[in-house]
Amino acid sequence: MSQQGVTPRSKDYSKWYTDVVLKSELADYAPVRGCMIIKPYGYELWENVKSGLDTRFKATGHQNAYFPLFIPMSFLKKEAEHVEGFSPELAVVTIGGGEELEEPLVVRPTSETVIGHAFSQWIQSYRDLPLLINQWANVVRWEMRTRLFLRTTEFLWQEGHTAHETYEEAQEETLRMLDIYEDFAVNDAAIPVIKGRKSSQEKFAGADTSYTIEGMMGNKWALQMGTSHNLGQNFAKAFDIKYLDKNNEQQFCWTTSWGVSTRMVGAIIMAHGDDKGLRMPPRIAPIQVVLVPIFKTEEEKAKVMDAVARVADSLLAVRIRLHVDDREELTPGFKFNDWEMRGVPLRMEIGPKDVANGTVALARRDIPGKEDKQIVPQEGIIPTIMRVLNDIQHGMLRQARSFRDENLHEVKDYEEFKKVIDDGWALIWHCGTAECEKRIQEDTKASSRCFPLDLNDDKESKKAKCAVCGKPAEGKAYFGRAY
RNA sequence: CGGGGCGUGGCGCAGUCGGCUAGCGCGCUGCGUUUGGGACGCAGAGGUCGUCGGUUCAAGUCCGACCGCCCCGACCA
């Protein structure tokens, strides 16, 4: 595996993506259609995503719990819009232990229903609120068409579920978690995102309002990288989630749910990758620094490996994720290309010259070509590495942001919209109706991504008209091709 | 489910007017020489040709059915 390069992005973006995932050994196809095997390198990346998010959830008062994989079919049916939205993609178990089951069990596509059921038992009084729960789990949705990490039949994710006393508190929670997703995407994954509200067409089945963070991939398509939903009292009413308020009166709770999945890994691949393969932002890279020893003779080897061990120990001591590639059957040149394809942000070389001079060679993944190699002293290597990794992290964000910004277009009318839509996203006054959105989708293949939160204020929207159908506008919406 | 492509060692492919022992590149194993941008030599290992059935003296090759995968569309985190 992992020889030579990947298909260039310009030649075939889909092929490039698949090549990168397979050749860099993030994942493999599974024996079952639409399913994937996440290999150690890919799983470690996911674990880094996980811990970045989990830390933020805990810091905002959420607790992890685990709810069952199987859900009684009848639960799904309790919320009309929810069952309607999910029934086409359910996997259902009808036989257990060789016996036909009395009631079919759904393999969870999401857990609002089981968790709603649990919440109804846990919550008695306003003193039990807010209830802030998260679970890390796998879910199954029978998709028509799948793609590694972006859309697989089974995927890993986190789903937060919370219950509150008032609409306002639920809304505050919904937006707080959206902010947390943005913070992770921007600061850890180095992907700029647009926060916004989903159109009725794109909204989660069973939610009052859905919010999203949308990222732009290398081919200018959009990817929904996380969603946060204000569920209103829909699930509270369906599952009888009630509390006794201060006036001794029964009230329905207001609930939220929010999720980020292994799709985030796909976003990281597509937002940063180049023709050489992956580029990992240092904060979440499974390997931050790869160290390649170089020597010819046994005598050189002894000295080089001695220096390698010393430098490696000092980096590991400050918890830099370092890998020493001491395979002797491969040439350094091969290793350079190999680790570049795998997206390791920083490469360090130590050879006889470095031993003689007390130096190491550094090469940054985010700067193309080999001319960026710099020789730095071993003395004070830790602060040097820290600084360079930090530079790479910020450089990647800057690069992704300028690419994204170059491909955002504000347009006045549908004609202009059609002109720019193959070349990025278009911001346009939009009525938000399903009919109008479907028409746009048929004409251009673009769907509404969101009504950006920071570009919409009510005063302006009240006067505006939809640029496509002329009906009163709901706000300015971004449209684009999407995964 | 509609359209397109494809199933031959681990990976990528050739062989497909039926014919003899199924071949090539990469990878893999051993030994030696190599090593600052994808090393080389020598010697090896590894294949029910997707499955089932049919035609034939003879099937990877022809016919039929089935299974599976990938890409493009309708559904979706």
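A note on names: the letters A, B, ... follow the listed sequences, proteins ahead of strands, and every chain is numbered from 1.
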**OP:** Using heavy atoms and a sub-4.0 Å distance, could you list which residues of residues 170-191 of chain A are near RNA chain B? By number, please.
**Re:** none
**OP:** Establish, for the pair A:Arg263 and A:Phe155, whether the NZ or CZ atom is under 6.0 angstrom from the six-membered ring centre and no further than 45 degrees off its axis.
**Re:** no
Original post:
With a distance cut-off below 6.0 Å to the six-membered ring centre and an angular limit of 45° from the axis, does A:Arg141 pair with A:Trp157 as a cation-pi contact?
Top reply: yes
Partner nucleotide, any strand, of [N] [Watson-Crick/G-U, under 3.5 Å]:
N	result
B:rC49	none
B:rG73	B:rC1
B:rG44	B:rC28
B:rU61	none
B:rA14	none

Original post:
Is the distance between the ring centroids of A:His161 and A:Phe119 less than 6.0 Å?
Top reply: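 So the answer is no for these two rings.
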Subject >> Ring centers of A:Phe204, A:Tyr211 separated by less than 6.0 Å >> reply: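 No, the ring of A:Phe204 stays outside the 6.0 Å limit from the ring of A:Tyr211, centre to centre.
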**OP:** Report yes if at least one side-chain N or O of A:Thr331 is closer than 4.0 Å to OP1 or OP2 of B:rA39; otherwise report no.
**Re:**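 Yes, because at least one side-chain N or O of A:Thr331 sits under 4.0 Å from OP1 or OP2 of B:rA39.
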Check every strand shown and say whether [X] touches a base, only sugar-phosphate, or nothing at a heavy-atom separation below 4.0 Å.
X	value
A:Lys15	nothing
A:Leu223	nothing
A:Glu349	base
A:Gly351	base
A:Ser14	sugar-phosphate
A:Glu143	base
A:Ser257	nothing
A:Tyr29	sugar-phosphate

**OP:** By nearest nucleotide on RNA chain B, pick out whichever of A:Arg151 and A:Arg147 is the more 5' one.
**Re:**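 Taking each residue's closest nucleotide, the earlier one in sequence belongs to A:Arg147.
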Original post:
Taking atom types as modelled and ignoring hydrogens, do the side chains of A:Gln201 and A:Ser448 form a donor-acceptor contact shorter than 3.5 angstrom?
Top reply: no
Original post:
Do the side-chain N and O atoms of A:Ser447 and A:Arg449 include a donor-acceptor pair separated by under 3.5 angstrom?
Top reply: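 Yes, because at least one side-chain N or O of A:Ser447 sits under 3.5 Å from a partner of the opposite role on A:Arg449.
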Original post:
How many Å lie between CH2 on A:Trp16 and C1' on B:rC70, as a whole number?
Top reply: 19 Å
Original post:
Does a distance-only test, which skips hydrogens and angles, find a donor-acceptor pair under 3.5 Å between the side chain of A:Arg347 and the base of B:rG37?
Top reply: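 Indeed there is one.
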Original post:
A:Phe334 on top of B:rG37's base, within under 5.5 Å and under 30°?
Top reply: no
**OP:** Specify whether A:Phe75 and A:His117 have parallel, tilted or perpendicular ring planes, treating 30° as the upper limit for parallel and 60° as the lower limit for perpendicular.
**Re:**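 Answer is tilted, since the angle falls between 30° and 60°.
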